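So the structure is just underneath, and the comments pick up after that.
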Amino acid sequence: MLITRLVLAADRFRQWSIAQFVLLLLTILKLSPADMAINFMDRVARWIGPKTGRHKLTLINLRNAFPEKSDAEIEAIALESWGNMGRLAAEYVFLDQLFDFDPARAEPGRVEVSGIPLFLELRDNPRPFIVFTAHSGNFEMLPVAGSAFGLDVTVLFRPPNNPYLADRVFEFRKERMGNLVPSHAGSSFALARQLERGGGVGVLVDQKFRKGLKTKFFAQDVQTNPLLAKLVRQFNCEVYPARCIRLPGNRFRLELEPAVEIPRRADGSVDVTATAQMLNDKVESWVREYPGQWLWYHDRWHIKRSL
């Protein structure tokens, strides 16, 4: 028992120490001008990323996804992806400052928005709906935009594994992104209650899900979470794709696309597997357009099992 308590205490101290270091780094970044901090973290991540074990996984994922690309092209995408990660870290502490969209402004700011009529229509005609996105660009800006447009959206998010960081991240996000539901065993019920009340739900659909449906992503086998399809089947709600695209000069474009057509069986019921595949196809089209803005170090295809 004593040994167990000591091991647990050591692990708690390790996680606490990591959290303090990360929070200190973010505090230091906050003292710098936004552009300087973002560009600095881009360079740091491009230097550190290739030196980590995840870089090997990144290159394997890229070669499997783009067999037609040369080694030089693959390496360039990998470096851009690491830079994207560094930018995400810096942008996290500047979200309030970065999201400057104002439809009344004559000159464009950092953020431009495509699909404004859809935002306003969803706001002015409340009904259950789902918005899905992927880990591309600065995906954290999408719920900020929803909150800015006055949408009633509950966002499903995965908290950090570090419990000390998780609490701080949750409080930070809650102030800027509206209703949040941490991803856990009971999160689907919270999302269902939101749709039942006539509100909206936001979900990321490109995460690894060990007990998911067998589907394809970049022509490779993956398991996809059936949650979105099951919610559509239960509430017959509209589903909207949304994404964030990085633009030159530390600028962003947020896109809310028209509602997608949900695959259905002959009897009219939602085809859950086909819907999951449709989500993968949409995300794949986004990633192919801007491959360096996706998180390629993510083990979407369970590659680490064979490394």
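Here the structure is a predicted model, which means the values were calculated and not measured.
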Checking [X] now: which residues fulfil ring pair (Phe, Tyr, Trp, His ring centres under 6.0 Å) with it, not counting sequence neighbours?
{"X": "Phe129", "answer": "none"}
{"X": "Phe66", "answer": "Phe218, Trp296"}
{"X": "Tyr240", "answer": "none"}

More than 12 heavy atoms from other groups under 6.0 Å of CZ on Phe209: yes

Lys211 atom NZ, over 12 foreign heavy atoms within 6.0 Å: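 No - once you tally the heavy atoms of other residues, nucleotides and ligands closer than 6.0 Å, there are 12 at most.
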
Side-chain donor/acceptor of Trp301 to backbone N/O of Phe217, under 3.5 Å: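 Judged by distance alone, yes, a pair lies under 3.5 Å.
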
Phe99 and Phe101 aromatic ring geometry - parallel, tilted or perpendicular at 30°/60° bounds: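 It falls in the tilted class, 30° to 60°.
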
Residue list, side-chain contact (heavy atoms from CB on, under 4.5 Å) with Ser269, at least two apart or on another chain: Arg265, Asp267

Partners meeting side-chain contact (heavy atoms from CB on, under 4.5 Å) with Leu142 (sequence neighbours left out):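 So Leu142 forms a side-chain contact (heavy atoms from CB on, under 4.5 Å) with Thr133, Ala242, Leu254.
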
Stepwise side chain to side chain contact (heavy atoms under 4.5 Å, CB included) check, Met41 with Glu91: CA-CA 9 Å; Met41 287 302 295; Glu91 291 160 357; over 6 Å; no

Does any part of the side chain of [Y], heavy atoms only, come nearer than 4.5 Å to the side chain of [X], both counted from C-beta?
{"X": "Val153", "Y": "Gln194", "answer": "no"}
{"X": "Val113", "Y": "Phe149", "answer": "yes"}
{"X": "Gln234", "Y": "Leu195", "answer": "no"}
{"X": "Val239", "Y": "Thr275", "answer": "no"}

Within residues 219-230 or reaching into it, pairs that qualify as salt bridge (Lys or Arg N to Asp or Glu O under 4.0 Å) - sequence neighbours excluded: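 Sorted pair list: Lys216-Asp221.
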
Partner of Asp35 under salt bridge (charged side-chain N to carboxylate O under 4.0 Å, His left out), chosen from Arg110, Arg87, Arg251: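 It is Arg110; the other options fail the test.
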
Residues Asp281 and Gln277: side-chain donor-acceptor under 3.5 angstrom: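 The answer is yes; a qualifying pair exists.
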
Side-chain H-bond candidate by donor/acceptor type, Glu75 with His55, under 3.5 Å: yes

